[in-house]
Chemist: 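Below you will find the structure I want to go over with you.
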Amino acid sequence: MKLLLATRNAKKLQELRRVLDEALGAGVIELVGLADVPQYPESPETGLTFEENALLKAREAAQHTGLPSVADDSGIAVDALNGMPGVFSARWSGKHGDDLANLELLLAQVGDVPDKHLGAAFVCAAVIVWPDGRSHVAHGEMRGHLVREPRGEGGFGYDPIFVAEGQDRTNAELSAAEKDAISHRGKAFRALAAHVLDTA
């Protein structure tokens, strides 16, 4: 079965491949990304929730390619910032996907916040949309707290400044398998994977 992940983020594609292989068995799903299908005009993410943005991307992908399509929208919600950056996480600094600028801006914004108030959560909504219009949504969350200095070389986005509950290392210091086991996206994708074969 071929499944399209509506992203150009190679690290996100690798992550979902790992989760699907673990949940369903290697080779059960052939996962492709947007770089593997004919290009189509992609709409901007205009939703005000993670679920709205994920649905928009997955519906568009299924419509243009005829493939069952998965999309997710995820980000970090910082308690002291009333849940922001939230859906704006990837473009928090004004330019989409500039991980370092986003991370540095966030650290600057919580610079005067006491450590005990640096609670945060990574949040994910993952969606599968079938070419006939059926859809299913799954959610995942990973609670933790921010640290003042980036640590680690793995992961992406805000991983170097986030320590999950029960951990003493940042997400960027965890192995891929360790992060997948507890991450917001791992939880959402595993829930989605369980649904994929049931409805195929």
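Along the sequence shown, residues carry numbers from 1.
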Chemist: Start with the C-alpha distance between Val113 and Leu118, add both sets of side-chain angles, then the distance that settles side-chain contact (heavy atoms from CB on, under 4.5 Å), and finish with yes or no.
Modeler: CA-CA 7 Å; Val113 176; Leu118 288 182; 3.8 Å; yes
Chemist: Rounded to the nearest 0.5 Å, what's the gap from CG on Leu192 to CG on Asp72? Could you check?
Modeler: 9.5 Å
Chemist: Quiz question: by atom type and distance under 3.5 Å, do the side chains of Thr7 and Asn9 form a donor-acceptor pair?
Modeler: no
Chemist: Show which residues join Val137 in its hydrophobic cluster (side-chain heavy-atom contacts under 4.5 Å, direct or indirect), or state none.
Modeler: Leu55, Val127, Val129
Chemist: Quick one, His145 and Val163 - any side-chain contact, counting heavy atoms below 4.5 Å?
Modeler: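 A side-chain contact exists here, since the closest heavy-atom pair is under 4.5 Å.
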Chemist: Verify the neighbour count for atom CG of Asp112: are there more than 12 heavy atoms of other residues, nucleotides or ligands below 6.0 Å?
Modeler: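 No - once you tally the heavy atoms of other residues, nucleotides and ligands closer than 6.0 Å, there are 12 at most.
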Chemist: Closer than 3.5 angstrom, by distance alone: can the side chain of Lys187 be matched with the main-chain N or O of His139 as a donor-acceptor pair?
Modeler: no
Chemist: Taking C-beta and beyond as the side chain, do Leu13 and Leu31 meet within less than 4.5 Å on heavy atoms?
Modeler: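 Yes. Closest side-chain heavy atoms under 4.5 Å.
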Chemist: Below 4.5 Å, heavy atoms only, C-beta onward: do Leu174 and Ile182 meet side chain to side chain?
Modeler: yes
Chemist: Quick one: pull up OG1 in Thr46 and CG in Asn53 and give me the separation to the nearest 0.5 Å.
Modeler: 6.5 Å
Chemist: Within 45 degrees of the ring normal and closer than 6.0 Å to the centroid, is that where the cationic atom of Lys179 sits relative to Phe162?
Modeler: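 No, Lys179 and Phe162 do not form such a contact.
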Chemist: Phe88: what forms a side chain to side chain contact (heavy atoms under 4.5 Å, CB included) with it, not counting sequence neighbours?
Modeler: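 With neighbours one apart ignored, the set is Met84, Arg91, Trp92.
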Chemist: Are His184 and Val123 close enough, and set up right, to give a side-chain contact (heavy atoms from CB on, under 4.5 Å), and what steps lead you there?
Modeler: CA-CA 6 Å; His184 56 308; Val123 181; 5.7 Å; no
Chemist: Could you work out, with ring pair (Phe, Tyr, Trp, His ring centres under 6.0 Å) as the rule, every residue matching Phe50, not counting sequence neighbours?
Modeler: none
Chemist: Taking the side chain as every heavy atom from C-beta outward, state whether Glu60 and Glu42 have any atom pair closer than 4.5 Å.
Modeler: yes
Chemist: Could you check whether any side-chain N or O of Asp180 sits under 3.5 Å from a backbone N or O of Gly186, counting only pairs where one atom can act as donor and the other as acceptor?
Modeler: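 No, the answer is negative, given that no donor and acceptor are paired below the 3.5 Å cut-off.
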Chemist: When you measure from the side chain of Asp21 to the backbone of Arg18, do you find a donor-acceptor pair of N or O atoms at a distance under 3.5 Å?
Modeler: no
Chemist: Counting C-beta onward and ignoring hydrogens, is there a side-chain heavy-atom pair between Val70 and Phe189 closer than 4.5 Å?
Modeler: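 In short, these two side chains touch, coming nearer than 4.5 Å.
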Chemist: Ignoring hydrogens and angles, tell me if any N or O in the side chain of Thr170 forms a donor-acceptor pair with the backbone of Arg151 under 3.5 Å.
Modeler: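 Yes, Thr170 side chain to Arg151 backbone: donor-acceptor pair under 3.5 Å.
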Chemist: For Ser74 and Cys124, indicate whether the former's side chain and the latter's backbone hold a donor-acceptor pair under 3.5 Å.
Modeler: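 Answer holds: no.
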Chemist: Test your reading of the model: is there a side-chain donor-acceptor pair from Arg185 to the backbone of Ala126, 3.5 Å cut-off?
Modeler: no
Chemist: Partners of Leu48 by side chain to side chain contact (heavy atoms under 4.5 Å, CB included), sequence neighbours excluded?
Modeler: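 Only Glu52 meet the side chain to side chain contact (heavy atoms under 4.5 Å, CB included) criterion with Leu48.
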Chemist: So Val78 and Gln109, do their side chains get closer than 4.5 Å, heavy atoms only?
Modeler: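 They are not in contact (no side-chain heavy atoms under 4.5 Å apart), so the answer is no.
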Chemist: Any side-chain heavy-atom pair from Leu107 and Pro150 closer than 4.5 angstrom?
Modeler: yes
Chemist: Show every side-chain hydrogen bond (donor to acceptor under 3.5 Å, both in side chains) that has at least one partner inside residues 76-89, sequence neighbours left out.
Modeler: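 Qualifying pairs: Asp79-Arg143.
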Chemist: Out of Asp159, Ile161, Leu106, which one pairs with Ile76 under the side-chain contact (heavy atoms from CB on, under 4.5 Å) rule?
Modeler: Leu106
Chemist: Output yes when a side-chain donor or acceptor of Asn102 lies under 3.5 Å from a complementary backbone atom of Ser93, and no otherwise.
Modeler: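 Yes; at least one donor-acceptor contact below 3.5 Å.
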Chemist: To which residues is Val32 joined in a hydrophobic cluster, defined by side-chain heavy-atom contacts under 4.5 Å among Ile, Leu, Val, Met, Phe, Trp and Tyr, whether direct or through other members?
Modeler: Leu4, Leu34, Val37, Tyr40, Leu67
